[in-house]
Amino acid sequence: MEEGGGLYARPPIAILVMAGGLIALLFGIVLSVTFGAKDIHFLTVWDAVFHYDSSLKEHQIIHELRLPRVLGCMLVGSSLAVAGAIMQGMTRNPLADSGLLGLNSGAGFALAIIFAFFPGMDYKYLILYSFLGAALSTAFVYGVSASVKGGLSPMRLVLAGVTLSTLLTALSEGIALYYHIGQDLAFWYAGGAAGMRWMHLKIMFPWIVVALIGAFILSRSISLLSLGEEVARGLGLRTGLVKLLGGLIVVILAGTAVSVVGAVSFVGLLVPHLTRRLVGVDYRWIIPTSAVLGAVLVVLADLAARTVHPPFETPIGAMIAIIGVPFFLYLANREGGEL
């Protein structure tokens, strides 16, 4: 964990990875805007971006559908990856992810209640109730895990998260069947960005940007906390305050993301692990690198979801799970002796 008395990090590699990630992200954005159910020539894309003409159908497709979708995927990918990195750093839990610790199912249960009892609610309130559901489910998982003898451990957190996720998913599906909102909820659970519009970006953008800035500011404290709570306290860190602020940032990031694209899991599990292997264990580099790589992953997953079986769309969550599930099983097996 430490090298030469400091946190082990590779700043030059982190800079190269972020630069390469930004290039890949730009390439992915161009492909995402160009290809879809209707392929559009690159020159037309250029004109639509810089010389928009509302009378042209291709320009309307690019400006009203594809641009907000790809920009939303960028924000969602960065949010989920940074949320996962913060959770893994604070809990020292290699399996921590918003989907695995009950946060997604909590947000989904809150949305099921809204769809059933308050149909047509304004989107900004949907985000608010997603936050509430995510926060309550996360607090419950941590509370249950900490209440048993021996306190918090990675395995207890995962078991409590999976148990709560199963319960809340079952309750959500029961509500969906009884109130005939199964289609809306099924789309949300599958995960997809087809409904992304500028209105959604306008609401989610300030929340996510503020939370990402907060994550960058908190990154040094999370690095110290990842060394162990006793070590962090010995170095003068106010661990309780850091955990509170970190938890709030995670809820904002993941709650906003899942309220837009649904229950997309494994982004926060995959990306931080890859990032740590590349740049070391200093969260001052892990968090910005995870933000870039998370955006790349979700943008490319969305592109694959739209092009793998045209004209039908494969849910983003399914595309990422194809990679995420085997990785989770490998990681759980590798860490089994320590859990």
Side-chain angles (χ1 to χ4, degrees), residues 72 75-76 79-80 82-84 86-87 90-91 96-146 157-179 181-193 195-196 200 203-204 206-208 210-211 214 243-269 315-317:
L75 290 174
V76 166
S79 298
L80 293 175
V82 171
I86 293 173
M87 292 177 73
M90 290 196 308
T91 63
D97 170 74
S98 62
L100 296 175
L101 296 184
L103 194 150
N104 288 1
S105 60
F109 181 64
L111 290 177
I113 293 175
I114 298 302
F115 291 157
F117 299 104
F118 307 99
M121 179 177 284
D122 192 275
Y123 180 74
K124 61 184 177 183
Y125 296 113
L126 284 179
I127 291 182
L128 178 63
Y129 286 109
S130 281
F131 289 166
L132 182 61
L136 290 177
S137 63
T138 303
F140 181 83
V141 168
Y142 274 86
V144 168
S145 301
L157 282 171
V158 172
L159 289 176
V162 170
T163 302
L164 181 64
S165 294
T166 303
L167 173 62
L168 292 181
T169 300
L171 291 174
S172 299
E173 291 176 351
I175 292 172
L177 289 172
Y178 189 82
Y179 289 96
I181 57 168
Q183 185 173 358
D184 293 335
L185 206 60
F187 179 79
W188 185 87
Y189 270 112
M196 191 84 67
H200 302 133
I203 295 172
M204 67 188 284
W207 288 91
I208 289 177
V210 169
K243 286 184 176 182
L244 177 63
L245 293 175
L248 179 62
I249 289 170
V250 167
V251 169
I252 291 174
L253 290 174
T256 303
V258 300
S259 71
V260 176
V261 299
V264 176
S265 298
F266 297 112
V267 176
L269 179 69
I316 298 177

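Quick note: numbers below take in every heavy atom, side chains included, and nothing from hydrogens, waters or symmetry partners. Here, residue 1 is the first one in the sequence, and each next residue gets the next number.
Side-chain atoms of L253 and L80, non-hydrogen and from C-beta on, never get closer than 4.5 Å to each other.
When the side chain to side chain contact (heavy atoms under 4.5 Å, CB included) test is applied to A110, no partner is found at least two apart in sequence or on another chain. By the side chain to side chain contact (heavy atoms under 4.5 Å, CB included) test, A116 pairs with I175, Y179, I181, sequence neighbours left out. Under the side chain to side chain contact (heavy atoms under 4.5 Å, CB included) criterion, L171 pairs with F109, L167, L168, not counting sequence neighbours.
Interatomic distance, NE2 of H200 versus CG of L75, reported as 13.5 Å (0.5 Å rounding). How far OG1 of T169 is from CG of N104: 9.0 Å, rounded to the nearest 0.5 Å. Separation of atoms OH (Y125) and CZ (F118) is listed at 13.0 Å; rounding is to 0.5 Å.
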What donor-acceptor contacts under 3.5 angstrom involve side-chain atoms of residues 158-165, with partners at least two apart or in another chain?
from, atom 1, to, atom 2, distance (Å)
T163, OG1, L159, O, 2.7
S165, OG, S105, OG, 3.3
S165, OG, G161, O, 2.8

List the steps and the verdict of side-chain contact (heavy atoms from CB on, under 4.5 Å) for T138 and V250. CA-CA 10 Å; T138 303; V250 167; over 6 Å; no
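Shown here for A211 and I249, the closest heavy-atom pair between the two residues is O-CG2, 3.6 Å. Smallest separation of non-hydrogen atoms from M90 and K243: SD-CA, 3.8 Å. The two residues I252 and T256 have their closest heavy-atom pair at O-OG1, 2.7 Å.
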